[in-house]
Participant: 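Here you go, one structure.
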Amino acid sequence: MMSGTVVDSSSPTAAVPGDISGQMLDVDEDEDFEVFSKDATFTDGSSLNASMQTSPGSMVNQYKFEEEDEQPDMKDIFVTVDNPESHVTAIETFITYRVLTKTTRSEFDSSEYEVRRRYQDFFWLKSKLEEAHPTLIVHPLPEKFVMKGMVERFNNDFIETRKRALHKFLNRIAEHPILSCSEDFKIFLTAQAWELASHKKQGPGFLSRMGDTVRAVAATVRGVKNRPEEFSAIQDYVEEFSQKMTSLDKITQRIIREKKEYLEELKECGPIYTLWSGSEEELVEPLKQMAGCLDRCCRETEEQVQQLSNSLLPILHEYVLCSETLKAVLRRRDNIQAEFEAKNEALATKKTDTEAESKVLSLAWDSLVGKDPEEVKQQKQQKLKGEIKEMKEEIDKLEDKLEFANNTLKGDWSRWQKSMRADLRAAFTCAAEKNVEHYEKCLAVWESFLLSQRTEANEGGEGDDS
Amino acid sequence: MMADTGSEEIAVIGNTDLTPSELENNIKNTMVEKGATLLKRMEISVAEAEKRTGKNAVSMQETYTVYLIETRAVDGASEGANPAPDSLWRRYSEFELLRNYLLVTYAFVVVPPLPEKRAEFVWHKLSADNMDPDFVERRRVGLENFLLRVASHSVLSNDKIFYSFLTQEQGWKEVVFETGFQAKSDSRLKALNATFRVKNPDKRFAEMKHYGDELQSVISQLLRVRARVADRLYGVYKVHGNYGRVFSEWSAIEREMGDGLQSAGHHMDAYAASVDDILEEEEHYADQLKEYLFYTEALRAVCRKHELCQFELEMAAQDLTSKKQQREELATGTVRTFSLKGMTSKLFGQETPEQREAKLKTLESQIEEGEEMVKEKNAECEEFVKNAWVDIERFREQKDRDLKEALISYAIMQISMCKKGIQVWGNAKECFSKM
């Protein structure tokens, strides 16, 4: 049994239990239906990093949670996603991205890797990570399908935005003390296409996954009875947060739309002033300059809209997706607890059964079939004791599993909050900065107009000035 | 071209804090400088607007707005004594009457226009309702502007009717009607609407008319686009108010981020609210453009009047020529031109020498009259052309000056808008960085 170390979310260097596979999670593409598969034991480390089951003390060194400012010397895997390329086959067209890895970790044979991956591969990686770590918070992937309003899947802006999101996805994993040690992650970064394909085919078989489906469904249906207050609080927060992010996403989209429409109208002003200048004599210069200023302001506005679309909006959208991830993580934790509770109840029932059993009916039956009542009774007692012992062992495992799940979640939750805060602070600060820049540029445009008018005035004046 | 004494000088380079109203004062000051007569002696303003209800011509109850005209003598040697102004109330229809009188009486002047009767080129926020306080306020300003323009015009400002408009509370309408201008007004309207061909129009007037048409077209386009742009800009700013609301709600569930979010939200609200003032100021620019849009009508009217004069001259000349020809024919007995009289006389016999004598005499007197007429019309035309062209030149200079000022005030407005934006987003950035 693991000694449960309660993770204090306010302490940045809280210890977290080692990277241990809990239940293997097989997430359907639909994501609505989560299937619990094989119930792996704690010692199953075949798909994971070697360092596990170490003492809490040494774990602290390895899996320290980062401070708010990432210490650059802590980071030892650098991943870049770039260079999207289109591939056309007989069946389909798809995009691959180059994934470049530079690392000093000893687990990696080399210090540099270059591979090409497509979206499917990223999706596979995410599923594997969630399987292995049901209560860790994995940064979301950009959505599989195009968002409404996009015309083509292979439109340049779309690809660029997706590329950045994939880059962020991998880097978040690389920065995570536990997830970055995942074998699947390593293979994703290093394996050749065929190696990856064959590795993907491995994994728990169908039947074993089926077996646990029933239990999982039962647990989900049953629901959790005694959820700890702190997780309820997190759930309430996530609910609110999700709504706020969705609102901000929508508002930002609306602002972009309105700005584009404003831009369309503004574009018509300059040409009219130019047209007007054709009818005038004295006013030719000012009118032409007016047209010039309006055209420049249009260009600045265009740039501003671009920046809004490419910088702020994707991040807001990411956090809308994050909310869904958080909800799923909380659900999975709940299910673990539900299963534990269910087993506990089963044990209690069995114990009462045991008491009852020894009393009435079976004695009568046994005497009928001519067995020695005492002997039979002994046999029965032994059998029951055995069953109860088994159940108790299972329950102990489940209890450990639950405690582990809770602790990892708590730890990752505080980690997530910090990175969310940093992300959104940076995103909004940057957006505000861009707006300031936009206005500064427009200000310069109009000030230069004023300057030229006054210069003209002084030059054409009645000789008072030089 | 531009008034450049110290007090009227446009703000020095680098000072972009001149507000549009200060610029308007510059225009007014220029009006005072440039040969103003009445304005030199008298301060004029349209100080207030009020709603009244009363019975109209057909005894129906109606609500209308009246405007308070205040006048005060400018005493050169005033020792700080500031006597109370004289004042009277006028409604828009009386202004219209005054203007129509001026149009007819001084046909060679490009008469300043009135502010629009109904709100046009609106964007969605402004109601097109004549009772809307913003509309009434802008109209008040426009009416004052009209009076100042008339009072600063070297010719118009001397008009008695104009003077009594400003000073005579009762019975002014009767006085106007007594001038009989309306009779002339009908024929003038006819002139404006009639199509007639002039053989030798003054090229300058034809060009001016063409220019007026172009200016009207281009300003109309500009005003239409501007209204749409204003509408869109309003939308952009107002949506940011939603940020304010959501940030505020979001701050409620956050601990460390709460304060930063909350204050950022306030700045978003401020940003959204700032567009109202911005568009209010922009409306002023639109008004300046509108004044010149309406001026084009006055310009066109002068050009048409010239055409009418010219036409009448040409008609008179033509008439004279034909009469002279008739005389010649009668005198020499040759029929050069076909005439029904000639034919009938051929058919029914020659006329008697007495009859011929009588005809000749009539023709002679007609020719004399005709020559007088032509002389008169010629003089009229020349006079008109001379005076009109002077006023057109004056108008042109005024237009160039005013529109340049308008463009500058637009730039100043944009600068002010940008500065506000920089401030708000700078503050928001501060708050965000503390999130």
Side-chain angles (χ1 to χ4, degrees), chain A residues 236-237 240-241 243-244 247-248 250-252 254-255 258-259 261-266 268-269 272-273 275-276 278-283 286-287 289-290 293 297 421 424-425 428-429 431-436 438-440 442-443 445-447 449-451 453-455 457-458 460-462 464, chain B residues 1-2 4 10-14 16 211 214-215 218-219 221-222 225-226 228-229 231-233 235-236 239-240 242-243 245-247 249-250 252-254 256-257 260 264 396-397 399-400 403-404 407-408 410-412 414-415 417-422 424-426 428-429 431-435:
Chain A
D236 290 340
Y237 172 88
E240 276 296 310
F241 180 81
Q243 281 175 24
K244 297 311 146 213
S247 292
L248 290 174
K250 287 207 183 101
I251 293 169
T252 309
R254 172 110 185 262
I255 288 179
E258 296 276 346
K259 280 211 162 124
E261 289 179 355
Y262 164 73
L263 193 55
E264 282 314 299
E265 301 293 352
L266 195 64
E268 299 199 20
C269 287
I272 298 178
Y273 282 102
L275 178 66
W276 185 356
S279 310
E280 296 288 344
E281 289 165 15
E282 281 296 312
L283 292 175
L287 287 171
Q289 278 161 3
M290 197 61 175
C293 287
C297 284
R421 184 176 171 195
L424 292 178
R425 175 175 53 214
F428 282 114
T429 309
E433 174 62 44
K434 292 284 193 308
N435 282 344
V436 170
H438 165 79
Y439 278 116
E440 281 176 345
C442 290
L443 180 67
V445 165
W446 291 109
E447 281 186 333
F449 174 82
L450 272 191
L451 198 63
Q453 297 315 305
R454 287 176 184 165
T455 316
N458 284 348
E462 271 141 41
D464 266 59
Chain B
M1 182 168 93
M2 275 194 274
D4 60 359
I10 317 294
V12 297
I13 294 173
T16 58
Y211 168 76
E214 283 180 350
L215 189 64
V218 102
I219 293 185
Q221 285 180 50
L222 208 52
V225 171
R226 186 213 76 90
R228 290 201 299 264
V229 168
D231 191 25
R232 290 296 170 201
L233 191 67
V236 169
V239 176
H240 281 81
N242 289 324
Y243 270 153
R245 180 181 48 86
V246 176
F247 282 157
E249 291 167 7
W250 180 12
I253 59 170
E254 297 290 345
E256 298 113 344
M257 290 167 80
R396 216 211 301 248
E397 271 179 37
K399 178 243 332 160
D400 286 340
L403 288 176
K404 187 162 179 195
L407 293 177
I408 288 176
Y410 182 81
I412 291 179
Q414 294 301 307
I415 286 172
M417 180 174 102
C418 289
K419 282 185 175 168
K420 277 188 210 159
I422 289 171
V424 166
W425 285 106
K429 181 182 158 192
C431 297
F432 286 137
S433 65
K434 295 202 180 105
M435 246 164 77

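Below, chains carry the letters A, B, ... as their sequence lines are ordered, and counting in each starts from 1.
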Participant: Pick from A:E264, A:E258, A:K244, A:E240: which one has the most heavy-atom pairs with chain B under 4.5 Å?
Facilitator: A:K244

Participant: If we define contacts as heavy-atom pairs under 4.5 Å, which of B:L215, B:L233, B:N242, B:I219 has the most with chain A?
Facilitator: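 So the answer, after comparing B:L215, B:L233, B:N242, B:I219, is B:L233.
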
Participant: Minimum heavy-atom separation for A:C297 and A:W446, please, with both atom names.
Facilitator: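 Looks like SG-NE1, 3.4 Å.
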
Participant: Can you see which heavy atom on A:T429 is nearest to which on B:S433, and at what distance?
Facilitator: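 Of all heavy-atom pairs spanning A:T429 and B:S433, the closest is OG1-N, 3.6 Å.
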
Participant: So which heavy atom on A:R421 is nearest to which on B:M435, and how close?
Facilitator: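 A:R421 and B:M435 have their closest heavy atoms at NE-O, 3.1 Å.
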
Participant: Is any side-chain N of the basic residue among A:E280 and B:K399 closer than 4.0 Å to the acidic one's carboxylate O?
Facilitator: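 So A:E280 pairs with B:K399 through a salt bridge.
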
Participant: When heavy-atom pairs shorter than 4.5 Å are enumerated against chain B, which of A:I272, A:L248, A:V436 gives the highest number?
Facilitator: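 The option with the most such pairs is A:I272.
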
Participant: Could you tell me which portion of A:F428 (side chain, backbone, both or neither) has an atom closer than 4.5 angstrom to a non-hydrogen atom of chain B?
Facilitator: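 Both the backbone and the side chain of A:F428 come within 4.5 Å of chain B.
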
Participant: Is it the backbone or the side chain of A:L263 that comes under 4.5 Å from a heavy atom of chain B, or both, or neither?
Facilitator: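 Neither part; nothing is under 4.5 Å.
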
Participant: Please report the shortest heavy-atom distance between A:F449 and A:P286, naming the atom on each side.
Facilitator: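 Result for this residue pair: CE1-O, 3.5 Å.
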
Participant: Applying side chain to side chain contact (heavy atoms under 4.5 Å, CB included), name anything that partners A:A431, two or more places apart in sequence or on another chain.
Facilitator: A:L312

Participant: Check whether B:Y211 gets within reach of chain A through its side chain, its backbone, both or neither, counting any heavy atom under 4.5 Å.
Facilitator: side chain

Participant: Between A:Q243, A:K250, A:R254, which residue shows the highest count of heavy-atom pairs closer than 4.5 Å to chain B?
Facilitator: A:R254

Participant: Could you have a look at B:V225, B:V424, B:I422 and say which one has the most heavy-atom pairs with chain A under 4.5 angstrom?
Facilitator: B:I422

Participant: Any idea which heavy atoms bring A:W276 and B:L403 closest together, and the distance?
Facilitator: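 Shortest heavy-atom separation between A:W276 and B:L403 comes out as CZ2-CD1, 3.6 Å.
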
Participant: Taking A:E261, A:E281, A:K434 one by one, which has the highest count of heavy-atom pairs under 4.5 Å against chain B?
Facilitator: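 That would be A:E261.
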
